[in-house]
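Worksheet: one structure, shown below.
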Amino acid sequence: MLLPPPEEVWPAERLFRLLIRRPRPRLPLAPLSFAPRVRLSVRGLRGAEEHALVDDVAPDDRLWAERLVVAVTYEGDRPAFSCVEDLGEMRSGDFAELRRAIFGTKKSPGPIGVVSPTYNRSDSAAWGERLRAGASHDSNMAETLLLGQAFDWTGGGEQPDRYFGAPLADLTDGQLMAYRAARDVIGMMRKTK
Amino acid sequence: MTDAKPEHQSALFRAIAERAKDRPLEHFPLSGYFSLGDKPILGTKIRVPTKWEEHNALDLAHQYIKRNVGEDESKKDARIVQDAENTAIVWHACRDEDDPLHPAFPSPDVMHKKLTSDQIGVLVNLVNGVRVKHSPQPLPLTPETLDSVVKVAAELGTSDIPDRVLAGWPREVVVSAFVMLAMRAVTLEDELAALRLEVDRLRAIAEPEAAPAAEMSVAGSDEVEPDEAEPPPEE
């Protein structure tokens, strides 16, 4: 099932602002009971990066979850874990708490489902619609105009990396979704002029 | 577990390493468990497994299957891997009761040879109980939830609805519910006994002449009073 954008807690304009953050979107994690003073965040990944985590092993949901936790958990500007072996001494219950904090539950998706939509597992049409609403919100208009400048309206191509200040290959699926939403909004504005 | 320490260790990594040093141990007496040479194992101390132990348990399970079952067989039935993995996790978690630095059983292979699947199942349940007890996440069972389920069970006990409701509960939650209800039952029984005594005391005050007879019946004497004896059968 493709995941829709989060509804209640994340109004469209706030979701748009989250996904255009640079260098990558990031959301704070709720404090963990076993490390309450440690401030952690979840950083967005590209869809291909998520899948590449288990390219070298047989498909295994548990292993994929562990590697994904390692890949997205940040402490300040650094990854909290240097590799999956760093999880080794972790009590299994503690890992379950961290995993739940990141992934959430079916009823209440965690921050990964907000900060890291991908074309593979997210309902990109529904996300596009929400992000267009966010891009056309008054509070985001300046950002939308700046993002719109990354598109050459004379037919020269697209350069969202100019806005994000990162190579195209580093942009997350969510950043691309937000860029495209802004481009569509500017396109509609140009048509109605 | 990494031998080569990374240059930068996050605060989270340090917190994990600190907690790994003092994993709590829970002692459980055992009966009918034997190790090599039929040495009885009378008890074990169980600790929460780590992620490394879980990974290692999976490796050990695959090694065991390769040696004894065949990997093709395990592909046909996932339970084979699961059973072997459970045994290896239990082997890691169950520590010698006198020297918890060492496992209670020499190896998962010895457990496979010396224990029945039911005995391993009991140990799995104990390990899961310790996991839940020391889990940072509280059990999703509140007195309110328990009250609503008790009400359903009382009203619809003859239907299969209570069974369906409880089917989704993990074993540890069912055990917690049972313990909570047992504690309530014992408390209520104590209160009921106290109330009965109070009723007897008040009755004795209100009807002083009835008190001796009541005392005699409470004493449970087998002797029958002459006037209460059955009349002899008529000739």
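As the structure is a computational prediction, the values presented were derived from the model and not from experiment. Numbers restart at 1 for each chain; the letters A, B, ... are given by sequence-line order, proteins then strands.
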For the pair [X] (side chain) and [Y] (backbone), establish whether a donor and an acceptor sit closer than 3.5 Å, ignoring hydrogens and angles.
X: A:Arg67; Y: A:Leu53; result: yes
X: B:Thr50; Y: A:Arg91; result: no
X: A:Arg46; Y: A:Leu171; result: yes

Counting only non-hydrogen atoms closer than 4.5 Å, does A:Phe95 touch chain B with its backbone (N, CA, C, O), its side chain (CB onward), both, or neither? side chain
Whatever's closer than 4.5 Å to a heavy atom in chain B on A:Arg62 counts as side chain
So A:Phe103 and A:Trp64, would you call those rings parallel, tilted or perpendicular, with 30° and 60° as cut-offs? tilted
Is it the case that the side chains of B:Asn86 and B:Gln82 hold a donor-acceptor pair, with the cut-off being a distance below 3.5 Å and no angle test? yes
Name the member of B:Glu54, B:Glu18, B:Arg23 that forms the most heavy-atom pairs with chain A at distances under 4.5 Å. B:Arg23
Pick from B:Ile16, B:Val48, B:Asn56 with the largest number of heavy-atom pairs that fall under 4.5 Å of chain A: B:Ile16
For B:Arg19, is it the side chain, the backbone, both, or neither that has a heavy atom closer than 4.5 Å to a heavy atom of chain A? both
Does any heavy atom of chain A fall under 4.5 Å from the side chain of B:Arg14, the backbone, both, or neither of them? neither
